[in-house]
Amino acid sequence: MATDCKDYNFKEIEAYWQKQWDAQKTFHAEDFSEKPKYFLMDMFPYPSGAGLHAGHAENYTASDILGRYKVARGFNVLHPMGWDAFGLPAEQYAIKTGTHPAVTTLKNIDHFREQTKRMGIAIDWDREINTTDPDYYRWTQWLFLQLFKHGLAFADHRPVNWCPALGTVLANEEVIDGKSEVGGHLVERRNLKQWVLRITRYADKLLKGLDKVDWPESTKTQQTNWIGRSVGAEVSFKLKGLEESLTIYTTRPDTLFGATYMVVAPEHPLVGKLTSSEQKEAVEAYIAKAAAKSDLDRTDLAKEKTGVFTGSYAINPVNGAEIPVWVADYVLISYGTGAIMAVPAHDDRDHEFATTFNIPIIRVIEKKDAKGNDIPLPFTDIGTMVNSGPFNGLSSDEAKRQIIEKLEAEKVGHAAVNYKLRDWLFSRQRYWGEPFPIVWVSEEAYAKVLQLNGAVAKGSPEGGVCMSNDEGVMEYALPISEGSLPLRLPEIEDYNPSGTGESALANATEWVQIWFNLKTGDAISRTSEKPEGDEWVAARRETNTMPQWAGSCWYYLRYCDPRNTQALIDPKVEAYWGAPDFYIGGAEHAVLHLLYARFWHQFLFDIGVVTTEEPFPKLFHQGIILGEMEYVLFKDSDGKAISADTVGSNFEGERVNLQESDVIKKGDFFFWKEDESIRVDARAYKMSKSRGNVINPDDVIERYGADSMRTYIMFMGPLEDSKPWSSSGIEGPARFIRRFWRLMTDDSGTLSSKISDTAPESGDVKKALHETIKKVSEDMETLSYNTAIAQMMILLKALQNADSFSSATARAFVQLLAPFAPHIAEELWSRLDGKGSVAYAPWPEYDASILVSDEVKLGILINGKPRGEILVSKKATQDEVIELAQKIERVQANIEGKTIRKVVYVPGKILNIVAN
RNA sequence: GCCCAGGUGGCGGAAUUGGCAGACGCGCUGGAUUUAGGAUCCAGUACCUUCGGGUGUAAGGGUUCGACCCCCUUCCUGGGUACCA
């Protein structure tokens, strides 16, 4: 049944079909269907109060089109949606208003779901998930318990941004120039008890797995760089007058002869011993200063190298040279061994440092430029060895090998691999996150756990996880029983952090203070009587919560089996759906989300929960939709227009937004029409509230309808490109949709009289249709939606110009358009007596025989310049073609009096005659 | 700085195993229709031109019968990253 709209009333039509899809569960994905499965997934959104933005609309429309196409192709499509709903904004709102974050979150989710439906996105809503739902996060907690059990989670003191004035820990983005974003209070670094995941154990697997996935190259590169595997050597330098030696890591053992000094990080454990009495004061002052700097400051002030001589000397193992040991903060304690050999000739940073402090610079690698001159220092590439004793003349690569061999033989060094990747700080001092299913007990209690050897012992890693508390007493972390999951967030009155650096959970005494069973892992509040039995002890719950990444690391699995109460996912279901066949989302998650999720997935593979090695075999990033193009005229304080190229970044005058018609382009730049010597700044900016250039999908749907919005967003350009929104540009696709309606219907809302199965259909119409089927089908596979739409516009024109066309042609066209504009397609499909939902109608096939034509247009070129064209058979011989070509006047004129030197004939494409 | 992606009409873009650059759309110009229109329809629209033609894909060079496409150099824009030895 269709609506009874006479004209194109998109509001009525879209609302009607959305209701139908909901009621009929049109997009239900069936487990174990015999159809081939297609698991299509979007990066799920954080349901913010602001609602969906243009980027979401682009993302979901793109995947929706692919999903609808796959349904028409006979696939059992799983296209789910969910909510990454833990996060700071809801907590901050709770602190301000006292509203429980869950309340705010559910309200926002309702809004997001409504908006998604209003865009006509085909989702199986029965599989909706929400990371803040205890039935969901119990499995996040379960997963953490597995990581814990396998020794991949440990506790450590790690620095956070602590703001004493606010009594809270701040996220990096809440700290600006060392001050809190709110209130501008001083922020300091403070070590807190934190959870850390050993992602570094998976560094190699994460690197190797990238070879197996079909991802954008740039994303793979980013992950590769982030993991930052480097191969080099660890070398021990004897220290003059000290027992200890100093071990360094270098990727360039070939430059060992060029080491003229050494540097240790200010935090290096040997600094004290290295420091001579004369240098003590200077070194200690330097270390104190370095400690006061945050990581950010240390890099901010990186422009000038600083450091202090320790007074000690090291001995270069390859040539016995004595070289000074410095302490400098350009060496980081967290990478390698926290100490380096400095080779100023062949490292930019060492060169800068050596120049600043007048340290000798010795060239040990030689390379000549094109003119035969030495390439100036610092030269960081590889070349030929010089000043390196027995290794002179070797290539860098060969020297690396031989020097490592020599070091190994002399037991002063060995080949070594290092990673930039750090272990993952996995805790936050917040309320609105998953509670850790962990309790802390005393050392004696831990001993008893081993003795009892119950579920608690079996769920713990070998050696346990322990950590000294503020009083210096050792405490042990133990897992709560899997049966007691989910460990729910307690209801609290005040969402403010405890003020001690712990989350608000620390104040929920009844929740935190528990009796814990050392055998079973069960717990009850200490407000109750201590149960019988000496396996029950007093314990304290972990008060950190998990970061937002936790829920998003494995959500794709839960879509397959969202209501399972026995397991994270049923192995049979996992075997059917496997990993998502297609994953679409923004490139901003190229590193962290995608790396963390891969880590968990590889772990789940190792413990047998999943059967695939990688979670996202195919990944696609949609580009960013920018705000509208802006033409900005600058005016100085006197209101006088000034040219954009004279304006610095500290411009303080007035910015005037001009219309496109107010500017003129000359060369590469735009100028003001009123005074063409004034250059105008022309560009599109990222959408942002502060800039006021945000396009709200709701407004667009209100004015044009979802079908037109979807078609426009896909028509804007290649999906992966970033492109500016244009409020006039949408008129094109919107007109196309309206014309499509008028092509199929007449004024009274009945089918157009042009649609006839008795009148003959012209060859041109047939050809246009089949060309379109071919083009659209091909473009679907590559997500080239912009050109698919362009081709449908051509078909529309052809049908408008035709006297009549068949209902079969009309239905095929409706089907082609259906993934893009599903509502109007359903409506017209229904009116064209199509069976069922157009979504399930088998995708039209093109008839290749209609498209092949023997006659082709052949371009005739003289000396590479187009001079005419002829219609010939594809199989025409070169001689036939030349004869025909020579009959063309312009061709004659261009070869007259010249000798033909060469002829290049590409059948079906061009004929190029070279003559002079 | 380094890494990645990209520069094509006034605008969004199309065309690549190297073969007639500018499909499709916006905007603009002119026309039709309408009481009116931010509706609809038709035509034109890269630039220059002495109307023969010439020039054009960020700039310069190279390879080729032929280059938006391949190679080298430079410039610009966007994204990522921040002393990782």
Side-chain angles (χ1 to χ4, degrees), chain A residues 216-222 224-226 228 230 232 248-252 255 263 295-296 298-300 302-303 305 328-332 334-343 347-350 352-353 418-422 587-588 590-591 623-624 626 628-629 660-661 663-665 667-668 670 682-684 686 712 715-718 720-733 735-736 738-739 742 784 786-794 797 800 857-869 890 893 901-906 908-915:
Chain A
E217 271 318 305
S218 60
T219 303
K220 285 200 206 181
T221 308
Q222 274 185 62
T224 305
N225 294 345
W226 188 265
S230 71
I248 59 97
Y249 172 74
T250 178
T251 53
R252 295 296 301 271
T255 62
V263 185
D295 266 3
L296 218 76
R298 264 168 87 157
T299 54
D300 261 5
K303 277 138 214 155
K305 295 271 180 289
D329 68 1
Y330 82 91
V331 171
L332 307 175
S334 50
Y335 183 77
T337 62
I340 61 158
M341 68 172 193
V343 185
D347 181 279
D348 292 326
R349 298 149 301 178
D350 297 346
E352 195 192 324
F353 190 86
N418 247 297
Y419 297 92
K420 281 202 237 178
L421 184 68
R422 303 289 157 72
E588 65 274 20
V591 179
I624 298 166
L626 305 169
E628 287 212 47
M629 181 76 101
E660 198 187 328
S661 54
V663 299
I664 185 163
K665 194 177 192 186
D668 286 342
F670 283 88
R683 59 169 289 198
K686 230 180 196 164
Y712 170 58
F715 185 68
M716 287 169 78
E720 63 272 29
D721 289 1
S722 55
K723 52 236 161 209
W725 183 269
S726 162
S727 50
S728 58
I730 191 173
E731 295 290 348
R735 264 172 220 158
F736 167 67
R738 288 195 293 264
R739 284 173 186 155
R742 283 200 307 275
S784 307
N786 53 333
T787 50
I789 294 165
Q791 180 61 40
M792 287 190 279
M793 288 170 167
I794 293 170
K797 197 98 185 168
Q800 278 178 329
K857 253 200 279 179
L858 188 76
I860 308 301
L861 289 71
I862 309 298
N863 294 332
K865 294 205 168 112
R867 297 300 178 190
E869 57 185 39
R890 282 178 71 204
R901 303 285 175 193
K902 187 168 182 177
V903 176
V904 181
Y905 174 47
V906 184
K909 297 260 166 89
I910 52 100
L911 175 78
N912 190 13
I913 299 171
V914 185

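Chain letters run A, B, ... following the sequence lines, proteins first and then strands; every chain starts at 1.
Backbone-only contact: Pro718(A) has heavy atoms under 4.0 Å from sugar-phosphate atoms and none from a base. Within 4.0 Å of Arg742(A), counting heavy atoms only, lie sugar-phosphate atoms of the nucleic acid but no base atom. Across all strands shown, Ser334(A) has no heavy atoms under 4.0 Å from either base or sugar-phosphate atoms. Nucleic acid contact class of Val904(A) (heavy atoms, under 4.0 Å, all strands): base. Using a 4.0 Å heavy-atom distance criterion, Gly336(A) is classed as making no nucleic acid contact. Among the atoms of the strands shown, only primed sugar atoms or phosphate atoms (P, OP1, OP2) are found under 4.0 Å from some heavy atom of Phe670(A). Using a 4.0 Å heavy-atom distance criterion, Lys723(A) is classed as a sugar-phosphate-only contact. Within 4.0 Å (heavy atoms only), Ile248(A) reaches no atom of the nucleic acid at all.
The nucleotide whose nearest atom lies closest to any side-chain atom of Ile794(A) is, among A39(B), C24(B), C65(B), C24(B). Proximity note for Gln800(A) (side chain, C-beta onward) versus C41(B), C24(B), C65(B): the nearest is C41(B). Comparing G53(B), G79(B), U81(B) by their closest approach to the side chain of Arg867(A) singles out G53(B). For Tyr249(A), the side-chain atoms get nearest to A85(B) when compared with the rest of A85(B), G27(B), C42(B). When distances are taken from the side chain of Asn912(A) to each of G25(B), G13(B), C65(B), the shortest belongs to C65(B). When each of U40(B), C20(B), A85(B) is scored by its nearest atom to the side-chain atoms of Val331(A), the top-ranked nucleotide is A85(B). Which of C65(B), A85(B), C26(B) sits closest to the side chain of Val914(A) comes down to C65(B). Checking A23(B), G25(B), G19(B) against every side-chain atom of Phe715(A), the shortest atom distance belongs to G25(B). Residue Arg738(A) has its side chain nearest to A39(B) when only C24(B), G54(B), A39(B) are considered. Distances from the side chain of Tyr330(A) to the nucleotides C83(B), G25(B), C26(B) place C83(B) closest.
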Close N or O pairs between protein and nucleotides 1-8 of chain B (under 3.5 Å):
from, atom 1, to, atom 2, distance (Å)
C3(B), O2', Asn225(A), ND2, 3.3

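Between C47(B) and C65(B), the two P atoms lie 34 Å apart (nearest whole Å). Atom C1' of G78(B) sits at a distance of 25 Å from the matching atom of G27(B), rounded to the whole Å. Annotation: G54(B) and A21(B) have their P atoms spaced 13 Å apart (nearest Å). When the C1' atom is used for both U17(B) and G12(B), the distance is 29 Å, rounded to whole Å. Taking atom P on both nucleotides, C24(B) is separated from A15(B) by 13 Å, rounded to a whole Å. A distance of about 32 Å separates the C1' atoms of U50(B) and G60(B), rounded to the whole Å. Separating the C1' atom of U8(B) from that of A59(B) is a span of 15 Å, rounded to the nearest Å. Across A82(B) and C3(B), the matching C1' atoms stand 11 Å from one another, rounded to whole Å.
Between the CG atom of Asn863(A) and the C1' atom of G66(B) there is a distance of 10 Å, rounded to whole Å. In this structure, Ile730(A) atom CD1 and G13(B) atom P are separated by 16 Å, rounded to whole Å. What separates CG of Leu861(A) from C1' of C65(B) is a distance of 10 Å, to the nearest Å. What separates CD1 of Ile860(A) from C1' of G66(B) is a distance of 14 Å, to the nearest Å. One atom, CD1 of Ile862(A), and another, C1' of C65(B), lie 12 Å apart when rounded to the nearest Å. Arg739(A) has its CZ atom 9 Å from the C1' atom of C41(B), to the nearest Å. Between Lys865(A) atom NZ and G52(B) atom P the separation is 19 Å, expressed in whole Å. One atom, CD of Gln791(A), and another, C1' of C24(B), lie 9 Å apart when rounded to the nearest Å.
The glycosidic torsion of G53(B) lies more than 90° away from 0, which places this base in the anti conformation. With a glycosidic angle more than 90° from 0, G78(B) adopts the anti conformation.
Remark: aromatic rings of Trp725(A) and Tyr712(A) are close, center separation under 6.0 Å.
A distance of 7.5 Å separates CD1 of Ile862(A) from CG of Asn912(A), quoted to the nearest 0.5 Å. For the atom pair CD of Glu720(A) and OG of Ser218(A), the computed distance is 10.5 Å after rounding to the nearest 0.5 Å. Taking CG of Leu911(A) as the start and CG of Leu861(A) as the end, the distance is 8.0 Å to the nearest 0.5 Å. With rounding to the nearest 0.5 Å, the separation of CZ in Arg901(A) from CG in Asn863(A) is 11.0 Å. For the atom pair CH2 of Trp226(A) and NZ of Lys420(A), the computed distance is 9.0 Å after rounding to the nearest 0.5 Å.
Seen from the ring of Tyr330(A), Lys305(A) counts as a face-on cation partner, given the 6.0 Å and 45° thresholds.
The two residues Ile248(A) and Thr337(A) come nearest to each other via the heavy atoms CA-OG1, 3.3 Å. Met716(A) and Pro724(A) make their closest contact through CE-O, 3.3 Å (heavy atoms, listed as atom of the first residue, atom of the second, distance). The two residues Asn786(A) and Gly717(A) have their closest heavy-atom pair at ND2-C, 3.6 Å.
Evaluation of atom-type donor-acceptor distances gives a pair under 3.5 Å for the side chain of Lys305(A) against the base of C83(B).
In terms of phosphate contacts, Arg683(A) brings a side-chain nitrogen or oxygen within less than 4.0 Å of OP1 or OP2 of G78(B). Distances shorter than 4.0 Å separate none of the side-chain N or O atoms of Lys909(A) from OP1 or OP2 on G19(B). For the pair Arg901(A) and G66(B), the criterion of a side-chain N or O lying under 4.0 Å from OP1 or OP2 is not met.
For the pair Arg739(A)/Arg735(A), a side-chain contact is recorded, criterion being any heavy-atom separation below 4.5 Å from C-beta on.
Applying the salt bridge (Lys or Arg N to Asp or Glu O under 4.0 Å) rule to Asp347(A) yields the partners Arg349(A); only residues at least two apart in sequence or on another chain are considered.
Of the two residues near RNA chain B, Arg252(A) and Gln222(A), the one whose nearest nucleotide lies more 5' is Gln222(A). Projected onto RNA chain B by closest heavy-atom contact, Thr787(A) and Met793(A) fall at different nucleotides, the more 5' of which corresponds to Thr787(A).
Between the Lys723(A) side chain and the Pro718(A) main chain, a donor and an acceptor come within less than 3.5 Å of each other.
RNA chain B contains the following stems of three or more consecutive Watson-Crick or G-U pairs, with both distances under 3.5 Å: B:1-7 with B:75-81, B:10-12 with B:24-26, B:27-32 with B:40-45, B:46-48 with B:53-55, B:58-62 with B:70-74.
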